[in-house]
Amino acid sequence: MLPVTSMIPVEEARQRILAYFSRLDPERKPLLDALGQVLAEDVVAPFDIPPLDNTAMDGYAVRAADTAGASEAAPVQLRVIADLAAGYVLETPVGPGEAVRIMTGAPVPPGADAIVPFEETDEALRGINEAARKAGSVRILKAANPGANIRRRGEDVQAGSTVIQAGRVLRPSEIGVLASIGLTHVTVIRRPVVAILSTGDEITPPGEPLLPGRIYDANAYSVAALVRKYGGIPRILGIARDTVEDLTAKIREGLDADMLVTSAGVSRGDFDVVKDVLAREGNIDFWSVRMRPGKPLAFGAFTAPDGRKVPHLGLPGNPVSSMVSFELFGRPAIFTMLGRSDWERPTVRAISRDYVKNPDGRRFYARCIVTRGDDGRWYADLTGPQGSGMLTSMSAANALAVIPEDVPAASPGDEIECIMLDWEHAP
Ligand code: AMP
Ligand code: MG
């Protein structure tokens, strides 16, 4: 165990934590349910897409050579031999002087090598006049080049090619691509189950009356919401009283999860028994991380009855510290289990509008709102008082401004790096 007086940098804490996590096993599930998960194996196209040459426009399938020299002044008249809707195949070849009326997506009939859109025929002039159409001829008002408006077989995807590689996150477009090759199920890395335990005699579950001196359990819910948002499956274990028996029992309930997250009881000088029990039941280190909010952090592993190691993240109790610590350490852990390495969030360099003090040599993650000014530049405004117990400061924020360890203050006009938590609220 590290002496509590030595502080470790955020990166080192994260590195040590991530060493305990790896990609989970694959699971097979219905396509739509796999949204947001990571593809576990390459998917190879069993056929070409499109499977046949087909028309990109409503119009007439023609032999391009027949339309040579056509213009509005000197239209070329062709005999219409068929009407072809999408979903049907015409075997009859289009001969010289002939055309097939054809709808977008319908396979191009043999013999035809160009599609003349309605707009370049007299059909546009006639309107949708059934009688005229049935009369069996169409006038072409513009010469067509060979291949015009034809989508070629295999131009999107070729049979045998990898359409989506293992490791890709399935977004709506990937789900669509997989459906387009006929898949109903897909093999993806399963989602981690994260057990969440709040600790402390003062903590009361929402829904129960609040006795004097007690507070409601915010952490289990904010952390569970983050777990879900980042792709895990939260399992709230409830609240452990500060007794050896209760804490031990509740921790054991969480050992069938992929990860156990506790909150509170890890700070220095705590009276509660959390640290003792964590240290006794598992192989847990207590760290002091060079950050604010959220300096105290516990991390290690418990051993499940089946011998499996269950990583444990012990968050500080203050609600903002708990969320920020989960953001910095829990999110990368969940991403790693999901098979994702892209846990690093995008940042913007914004101009501070406030004076932000950072006197104690730690890295300050200040809650702020980042907006784009009329001049097109990004600006950061603190969301008011930054007490680590004030969860509303987090709720008002869309970003965390990072004031580095060696920067004692940021002044109005200074550029600061902001980790974007929520682009949707960056007006
Ligand atoms: P501790 O880490 O136990 O010293 O707790 C630090 C602060 O966080 C105390 O004011 C606790 O009451 C508060 N706290 C601990 N757990 C929770 C929780 N689950 N929800 C809201 N506040 C909490
Ligand atoms: Mg406590």
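Note that this is a predicted model, so its numbers are computed, not measured. All residue numbers refer to positions in the sequence shown, counting from 1. Whatever order the structure lists them in is the order used to number ligands and atoms, beginning at 1.
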Legend entry - Under 3.5 Å side-chain donor-acceptor pair for D217 and S198: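 Side-chain D/A pair, D217 to S198: present.
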Legend entry - T67-K142 side chain donor-acceptor pair, cut-off 3.5 Å: no
Legend entry - Spatial distance of atom OG1 (T55) from atom CD1 (I150) [nearest 0.5 Å]: 7.5 Å
Atoms of ligand 1 less than 4.0 Å from [X] heavy atoms?
X: N219; result: 16 (N), 17 (C), 18 (C), 19 (N), 20 (N), 21 (C), 23 (C)
X: N318; result: 6 (C), 7 (C), 8 (O)
X: S267; result: 2 (O), 4 (O)
X: D217; result: 18 (C), 19 (N), 20 (N)
X: E202; result: 11 (C), 12 (O)
X: Y216; result: 20 (N), 21 (C)

Geometric cation-pi criterion, [X] with [Y]: 6.0 Å, 45°:
X: R228; Y: Y230; result: no
X: R372; Y: W378; result: yes
X: R14; Y: W343; result: no

Legend entry - F326 and I334: CA distance, side-chain angles, deciding distance, side-chain contact (heavy atoms from CB on, under 4.5 Å) verdict: CA-CA 10 Å; F326 191 84; I334 288 181; 3.7 Å; yes
Side chain or backbone of [X] under 4.0 Å from ligand 1, or both, or neither, by non-hydrogen atoms?
X: I215; answer: side chain
X: P319; answer: side chain
X: I203; answer: side chain

Legend entry - Winner among A220, G317, S263, G265 once heavy atoms are compared against atom 3 (O) of ligand 1: G265
Inset, instruction - Examine distances only and state if a side-chain atom of T336 and a backbone atom of S22 form a donor-acceptor pair shorter than 3.5 Å. - result: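 Between the backbone of S22 and the side chain of T336 there is no qualifying donor-acceptor contact (under 3.5 Å).
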Legend entry - A218, any N or O under 3.5 Å of ligand 1 N or O: yes
